[in-house]
Visitor: 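Would you mind keeping the following structure in view while I ask a few things?
Positions are given from 1 along the sequence.
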Amino acid sequence: MASSYGFGYFFALQSWQMIMLALLLMVGSFYFGTLFGDNVPIYVSHLPSNSTSSSLLGNSTIPNQVSITYRKVPLSIPENGVDVCPLKYTEYIPCHDISYIKELIPTLDLSRKEELERHCPPLDNRLFCLVPPPEDYKIPVKWPTSRDYVWRSNVNHTRLAEVKGGQNWVHEKDQLWWFPGGGTHFKHGAPEYIQRLGNMTTNDTGTLSSAGVYQVLDVGCGVASFSAYLLSLGIQTMSFAPKDGHENQIQFALERGIGAMISALATKQLPYPTSSFEMVHCSRCRVDWHENDGILLKEVDRLLRPNGYFVYSAPPAYRKDKEYPMIWEKLVNLTTAMCWKLIARKVQTAIWIKQENPACLIINAENKAVEICDAVDDFQPSWKIPLRNCIQVADQSYAQKLPPRPERLSVYSRSLRKIGVSQEEFDLDTVYWKDQVNQYWKLMNVSETGIRNVMDMNAGYGGFAVALNNFPVWVMNVVPIKMKNTLSAIYDRGLVGVFHDWCEPFSTYPRTYDLLHAYHLFSQYKSGGEGCLLEDIMLEMDRIVRPQGYIIIRDEPSITSRIQEIASKYLWDVEMQTLQTKDNNPESVLICRKKFWAIT
């Protein structure tokens with residue numbers, strides 16, 4: 001499996017000759033620009049705001065000032081451009097800001113780890129300045145090499161290597177971080193562990209793919225090596241972990257080019273649709289599934305498709321000391337009440353299957369072993385909704401048997417019919433985006449391997465992501481909560497994504513995406529009020545896009561004109577191009593690119 005990823009195979013063999021060859025190639029590629037692009041930033045002068053000096057590189061002048069600036073009402077952008085945050089804010093994540101969360105501690109339920117969830121500060125407590133890269137930041141290593149190595153200076157945190165090095169999460173190699181592909185329960189490598197899971201789900205006859213697993217939710221994902229090695233099986237993974245004591249694990253994952261986001265299972269539903277995954281995976285995920293009457297397991301039940309698997313690799317599954325037998329007994333009782341079936345328990349892993357057994361649920365509900373939720377609208381976005389201590393029975397009238405990938409990419413989801421989208425409209429959308437993606441790549445003048453991490457900020461039916469299927473990218477499909485719920489249809493196509501409100505910052509680290517696609521996004525927030533202004537969304541775009549990353553914007557003429565007017569204040573280069581709409585009318589397209597700048 002690992003051989004398809006180049007250098008990772010040689011590392012797996014622990015061949016020092018290959019290590020030296022890889023390092024030499026990478027250093028050479030750094031200087032020649034083949035793997036890393038241009039690593040020379042333009043500098044922003046760290047001078048007082050009353051200074052008349054600006055930083056210069058050749059003929060380039062960067063007039064923006066370094067200053068701690070907060071969002072004011074009404075919003076005003078300085079003539080010399082949006083201020084630049086000081087270097088202490090290189091990892092600023094507004095809705096996961098430790099200093100703000102500390103203020104909230106007295107109001108939070110710490111027993112349920114509510115402090116790990118999103119908590120966005122009020123507008124006047126949010127920074128309104130451009131987040132700078134850290135000192136010695138380099139343009140990230142390109143995929144697939146990045147699966148195994150990233151620049152140390154880009155994620156300059158050593159705690160994970162110190163604490164988890166023995167489990168082969170990550171090791172330091174001179175200027176690089178090396179990811180051998182290990183984890184707490186698969187320190188000898190994810191490929192062997194993944195094959196073992198395939199054996200356990202198929203009675204030793206097949207793989208996870210042959211078990212029908214094509215979309216996985218990885219809870220507490222660490223540096224996402226599990227997800228990285230599922231890719232060769234054609235399995236898409238939504239990986240998440242909280243911003244907690246495992247320092248910057250999600251930042252490592254995204255720097256590697258592996259799809260992940262910050263999130264936590266605590267008091268609210270996860271921002272994913274009902275019945276979206278064939279497997280939910282927990283390997284030492286630090287979640288207390290047995291507590292609070294199993295309310296977190298009931299959230300897993302909501303997210304699993306019928307006959308989906310819950311994989312649990314943790315001490316209660318195999319240890320007989322301490323409190324582990326008591327925890328295991330609670331887990332067995334809870335899962336039995338939910339009508340899950342334990343199908344395998346070996347080595348250090350237990351696997352349950354969510355059976356299609358309505359009669360069992362009815363009997364258990366009558367016996368007060370479990371509660372069935374009152375009927376709810378499955379199409380309500382899972383956004384800031386409190387967890388429900390009951391089993392949510394999905395509306396079976398829209399259930400359908402899904403084919404494997406890649407056939408799944410073409411599936412017209414029955415959920416689209418519910419919101420008035422016809423098969424014809426769906427098919428035309430798919431064809432349209434295939435053409436548009438080809439046009440985009442020509443306009444960006446970038447190679448197919450030049451982009452890895454992609455976000456579609458208003459994903460519609462997922463046609464943009466489907467058109468990218470043969471590119472070496474992964475796509476975070478975002479469905480704004482202001483839009484109709486098409487995220488269920490996106491998951492039915494074998495893709496992954498999330499609900500979000502763009503009046504708030506996204507749950508990710510700065511500098512994590514190579515390409516942002518905003519298709520008629522801004523016009524959806526025209527009347528959103530303070531915090532939802534065009535300038536606010538542009539600031540968040542700037543925070544999450546990588547230096548030299550691309551932003552493609554299509555919208556109403558008044559919006560694209562305004563963005564073109566102020567893009568330079570955000571240190572973006574911008575070109576106005578013209579492409580066709582779905583109705584074959586000309587439409588302006590902004591191709592923006594974030595400058596690679598740094599503070600002197």
Visitor: Ring centroids only, cut at 6.0 angstrom: are Phe277 and Tyr491 within range, meaning strictly under it?
Guide: yes
Visitor: Could you tell me whether the side chain of Ile481 reaches within less than 4.5 Å of the side chain of Lys384, counting heavy atoms only?
Guide: no
Visitor: Short question: side chain of Thr267, backbone of Glu114 - any donor-acceptor pair under 3.5 Å?
Guide: no
Visitor: Under the 3.5 angstrom rule, does the side chain of Asn307 hit a backbone N or O of Gln355 as a donor-acceptor pair?
Guide: no
Visitor: For Pro403, does its backbone N or O pair with a side-chain atom of Arg408 as donor and acceptor, under 3.5 Å?
Guide: yes
Visitor: Please report the closest heavy-atom contact between Leu361 and Cys339, naming both atoms and the distance.
Guide: N-SG, 3.3 Å
Visitor: If you define the side chain from C-beta out and look only at heavy atoms, does anything of Trp474 sit under 4.5 Å from Asn453?
Guide: yes
Visitor: If we count only N and O atoms by modelled type, under 3.5 Å, do the side chains of Ser239 and Thr237 hold a donor and an acceptor together?
Guide: no
Visitor: My understanding is that only residues two or more places apart in sequence, or in another chain, count here; which of them pass side-chain hydrogen bond (donor to acceptor under 3.5 Å, both in side chains) with Thr201?
Guide: none
Visitor: I want to check something: taking the side chain as every heavy atom from C-beta on, are Met238 and Val216 in contact at a cut-off of under 4.5 Å?
Guide: no
Visitor: In Å and rounded to the nearest 0.5 Å, what is the CG to CD distance from Asp109 to Glu115?
Guide: 9.0 Å
Visitor: Does atom CG of Asn470 have more than 12 heavy-atom neighbours from other groups under 6.0 Å away?
Guide: no
Visitor: I want to know whether Trp383 and His500 have ring centres closer than 6.0 Å.
Guide: yes
Visitor: Determine, for cysteines Cys285 and Cys221, whether their SG atoms are under 2.5 angstrom apart.
Guide: no
Visitor: With side-chain contact (heavy atoms from CB on, under 4.5 Å) as the test, pick out the partner of Trp340 among Val332, Ile353, Leu334, Leu297.
Guide: Leu297
Visitor: If you round to the nearest 0.5 Å, how far is CZ of Arg493 from OG1 of Thr486?
Guide: 10.5 Å
Visitor: For the backbone of Asn333 and the side chain of Thr336, can you confirm whether one donor and one acceptor N or O come within less than 3.5 Å of each other?
Guide: no
Visitor: Check whether Glu504 reaches the backbone of Cys95 with its side chain - one donor and one acceptor, N or O, closer than 3.5 Å.
Guide: no
Visitor: For the residue pair Arg196 / Ser313, report whether a side-chain donor-acceptor contact shorter than 3.5 Å exists.
Guide: no
Visitor: Is there a donor in the side chain of Tyr509 and an acceptor in the side chain of Glu255, or the other way round, less than 3.5 Å apart?
Guide: no
Visitor: Do you know the tightest heavy-atom contact between Arg302 and Leu270?
Guide: NH2-O, 3.2 Å
Visitor: Report yes if the side chains of Ser263 and Pro271 come closer than 4.5 Å at any heavy-atom pair, otherwise no.
Guide: yes
Visitor: Given 3.5 Å as the limit, does a donor-acceptor pair link the side chain of Asp288 with the main chain of Glu291, or not?
Guide: no
Visitor: Is there a side-chain contact between Ser413 and Gln400 (heavy atoms, below 4.5 Å)?
Guide: yes
Visitor: How would you list, by chain and number, every residue that makes a ring pair (Phe, Tyr, Trp, His ring centres under 6.0 Å) with Phe226, sequence neighbours excluded?
Guide: Tyr193, His281
Visitor: Do the non-hydrogen side-chain atoms of Phe506 and Met457 ever get within less than 4.5 Å of each other?
Guide: no
Visitor: Donor-acceptor pair, Gln215 side chain versus Leu495 backbone, under 3.5 Å?
Guide: yes
Visitor: Is there a side-chain contact between Leu254 and Ile250, using heavy atoms and a 4.5 Å cut-off?
Guide: yes
Visitor: Give a yes or no on whether a salt bridge exists between Asp492 and Arg414, defined as a side-chain N under 4.0 angstrom from a carboxylate O.
Guide: no
Visitor: What's the spacing between Leu231 CG and Ile235 CD1 if we round to 0.5 Å?
Guide: 9.0 Å
Visitor: Heavy-atom count around Lys482 NZ within 6.0 Å, excluding the residue itself: above 12?
Guide: yes
Visitor: How long is the gap from CE on Met455 to CG on Asp514, to the nearest 0.5 Å?
Guide: 12.0 Å
Visitor: With a sphere of 6.0 Å drawn around CG of Asn367, does it hold more than 12 non-hydrogen atoms of other residues, nucleotides or ligands?
Guide: yes
Visitor: For the atom pair CD (Glu407) and CG (Leu402), what is the distance rounded to the nearest 0.5 Å?
Guide: 12.0 Å
Visitor: If we ignore hydrogens and angles and just use 3.5 Å, is the side chain of Asn485 paired with the main-chain N or O of Leu487 as donor and acceptor?
Guide: yes
Visitor: Would a distance-only check, ignoring hydrogens and angles, find a side-chain to backbone donor-acceptor pair under 3.5 Å from Arg256 to Arg147?
Guide: yes
Visitor: Has the side chain of Asp456 got a donor or acceptor atom that lies under 3.5 Å from a matching backbone atom of Asn477?
Guide: no
Visitor: Quick one: pull up CG in Leu428 and OG in Ser422 and give me the separation to the nearest 0.5 Å.
Guide: 8.0 Å
Visitor: Which residue pairs pass the salt bridge (charged side-chain N to carboxylate O under 4.0 Å, His left out) test with at least one member in residues 329-358, sequence neighbours excluded?
Guide: Asp301-Lys354
Visitor: Looking at side-chain heavy atoms only, is the closest gap between Tyr525 and Trp502 below 4.5 Å?
Guide: yes
